[in-house]
Amino acid sequence: MKNILVTGGAGYIGSHTVVELQKAGYNVIVIDNFINSNELVFQRIEKITGIKVQYYKIDLLDKTNLNSIFEKYEIDCVIHFAGLKAVGESVKEPWRYYNNNITGTLNLIEIMNNHKIKNLIFSSSATVYGNPQIVPITEDFPTGACTNPYGWTKFMIEQILKDIQKSDNDWNIVILRYFNPIGAHSSGLIGENPNGIPNNLMPYITQVAIGKRPELSVYGNDYNTHDGTGVRDYIHVVDLALGHVKALNKIEQKAGLCIYNLGTGKGYSVLDVVKNFEIANGIKIPYSIKPRRLGDIPTCYSCVDKAKVELGWEAQFGIRKMCEDSWNFQKNNPNGYQ
Ligand code: NAD
Ligand code: UD1
């Protein structure tokens, strides 16, 4: 396996994965419509790896252009990151989310199928587990009961992929359920670059640290957790990227349909993250306690055994390093990739 097509490869997780794929010797081709990213990221990737990224501005909703990539290259496997991911926005614009994420994926599968390319790695999310009854979460926990259209798109795409693989065993599909990716490449050249006011915890913290926002709002301190604030399984984005490189081995083994959690197996509360950020970077993060955020769950962390045994993958970086690298990217790029 040599030529890997990465959809959404200009985005946060995609860009880090492109770096690790190039380092592992794969020939990477990226398509992205840049709706939530910037093509300057490819200059940064080239600085890190010394390899130019072959990229094309293509929307998954544009079947003609999408097809042209499969005409031009002999693709061996597709890693499919492209999608819209803002939870709040998905509640306000459900049609756009369902159309972009689901139609985009159906277009991709149709064209792959036409070209007899039946190897796919898909970005799913721990959001498909909804509010788990117990933790840690194993891959066989019930899914569904999502709390927003974004989550439903992940759940529905998983179902579509399972049905397709069941109907045609030539398909090899790895579904990766990410927990909470944070951190950045240690060079500080690539990282998370959110548009507008961040929804997620770490980009909000780094924007407080750099003085863009006065304080962090901590959403609820009355959950049944060790300090009352929400507990999550934060994972370094480089570890996550390496998980995709390992998943390619599974594709090569022609393993059919496989599902893995990608997390660290450790839960940290909002206040744990704030404390670790402060210690790692020597910066105070002012915060105030606010009411719970609608749709939030108290606790979510993964069981990592399946990925460890079957993929030979395990997260290496701890929470301090995640906090250091998130801040390193933010302080070196106060205005993102501009
Ligand atoms: P991101 O927004 O940074 O990257 C997604 C990329 O896809 C962007 O570059 C965007 O421009 C592109 N894109 C969107 N729609 C497209 C379309 N129709 N055609 C072509 N390109 C399109 O997001 P990310 O954080 O890197 O997430 C990558 C994937 O992982 C997404 O599918 C996301 O839902 C999933 N995921 C992310 C998280 C997270 O916390 N970041 C957690 C779980 C799952
Ligand atoms: C959110 C999404 C989830 C998505 C994931 C990754 C919701 C309800 N869930 O998960 O679908 O897959 O992002 O993109 O939006 N927090 C604060 N203050 C903030 C921001 C967050 O206290 O300003 C808290 C939250 O209440 C939560 C924790 O920090 O307890 C993590 O929040 P976040 O980073 O948004 O991730 P999730 O809620 O786990």
Any residue meeting salt bridge (charged side-chain N to carboxylate O under 4.0 Å, His left out) with Asp163, in chain and number order, not counting sequence neighbours: none

For residues 125-135, run the donor-acceptor check on the side chains, cut-off 3.5 Å, and write out each pair with its distance to 0.1 Å, sequence neighbours left out.
residue	atom	partner	partner atom	Å
Ser125	OG	Thr127	N	3.0
Tyr129	OH	Arg177	NH1	2.9
Tyr129	OH	Asn261	OD1	2.6

Joint hydrophobic cluster, Tyr219 plus Val273, side-chain heavy atoms closer than 4.5 Å: no

Ile251 CD1 to Lys246 NZ distance, which is reported to the nearest 0.5 Å: 15.0 Å

Residues which pass side-chain contact (heavy atoms from CB on, under 4.5 Å) with Glu324, listed by chain and number, not counting sequence neighbours: Ala280, Asn281, Lys321

Side-chain donor-acceptor contact under 3.5 Å, Asn199 with Glu89: no

Side-chain H-bond candidate by donor/acceptor type, Thr264 with Tyr234, under 3.5 Å: no

Exercise: do Asn3 and Asp76 side chains pair donor with acceptor under 3.5 Å: no

For Asn332, side chain to side chain donor-acceptor pair (under 3.5 Å) partners two or more places apart: Asn328

Shared hydrophobic cluster, Ile190 / Phe317 (ILVMFWY, side-chain heavy atoms < 4.5 Å): yes

Non-neighbouring partners of Asn67 that pass side chain to side chain donor-acceptor pair (under 3.5 Å), sequence neighbours left out: Glu71

Pair Asn333-Arg44, side-chain donor/acceptor within less than 3.5 Å: yes

Side chain to side chain donor-acceptor pair (under 3.5 Å) partners for Thr147, two or more places apart: none

Common cluster, Ile279/Ile205, ILVMFWY with side-chain heavy-atom separation under 4.5 Å: no

Polar contact flag, side-chain donor to acceptor under 3.5 angstrom, Asn65-Asp59: no

Transitive ILVMFWY cluster of Trp95, excluding itself - 4.5 Å side-chain cut-off: none

Residues clustered with Val87, ILVMFWY side-chain links under 4.5 angstrom: Ile35, Leu84, Tyr97, Tyr150

Residues that Ala241 engages under side-chain contact (heavy atoms from CB on, under 4.5 Å), provided they are two or more places apart: His16, Thr17, Glu20

Non-neighbouring partners of Lys331 that pass side chain to side chain donor-acceptor pair (under 3.5 Å), sequence neighbours left out: none

Partners meeting side-chain contact (heavy atoms from CB on, under 4.5 Å) with Lys250 (sequence neighbours left out): Val174, Gln253, Ala255, Cys258, Tyr260, Glu310, Leu311

Salt bridge (Lys or Arg N to Asp or Glu O under 4.0 Å): pairs with one or both residues in residues 269-285, sequence neighbours excluded: Glu278-Lys284

